[in-house]
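So the structure is just underneath, and the comments pick up after that.
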Amino acid sequence: MNGYFFTMIIMHALLLGINLAKHGEEEIKIEKYNFFTQLFGSTIDLAIIYMAIKTGF
């Protein structure tokens, strides 16, 4: 793993924190913040990035 992956982990952690703090509030007039949806998406995203780094692109 390299610094780019750790940066991505930090960015996703910050985004999860924002969604956890604002869980249930309206983001736009149509959507609401949802921590669990963001957690699911971040997990998939980081898993794909990890597998790409592990295999060497």
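Heavy-atom basis, side chains included; hydrogens, waters and symmetry copies ignored. Please read these numbers as outputs of a predicted model, since none were measured by experiment.
- In terms of the side chain to side chain donor-acceptor pair (under 3.5 Å) criterion, T43 has no residue partners (sequence neighbours excluded).
- Cluster partners of F35, using a side-chain heavy-atom cutoff of under 4.5 Å among ILVMFWY residues and allowing indirect links, are L16, L20, F36, L39.
- Here Y50 contributes atom OH and T55 contributes atom OG1; the two are 10.5 Å apart, rounded to the nearest 0.5 Å.
- Other members of the cluster containing M11 do not exist, because no ILVMFWY side chain is joined to it at under 4.5 Å.
- The side chain to side chain contact (heavy atoms under 4.5 Å, CB included) search around I10 returns L14, not counting sequence neighbours.
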### Task
List the steps and the verdict of side chain to side chain contact (heavy atoms under 4.5 Å, CB included) for I18 and Q38.
CA-CA 10 Å; I18 291 170; Q38 186 63 42; over 6 Å; no
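- To the nearest 0.5 Å, atom CE of residue M51 and atom CG of residue L46 are 10.5 Å apart.
- Here the straight-line distance linking atom NE2 of H12 with atom CD1 of I49 works out to 5.0 Å at 0.5 Å rounding.
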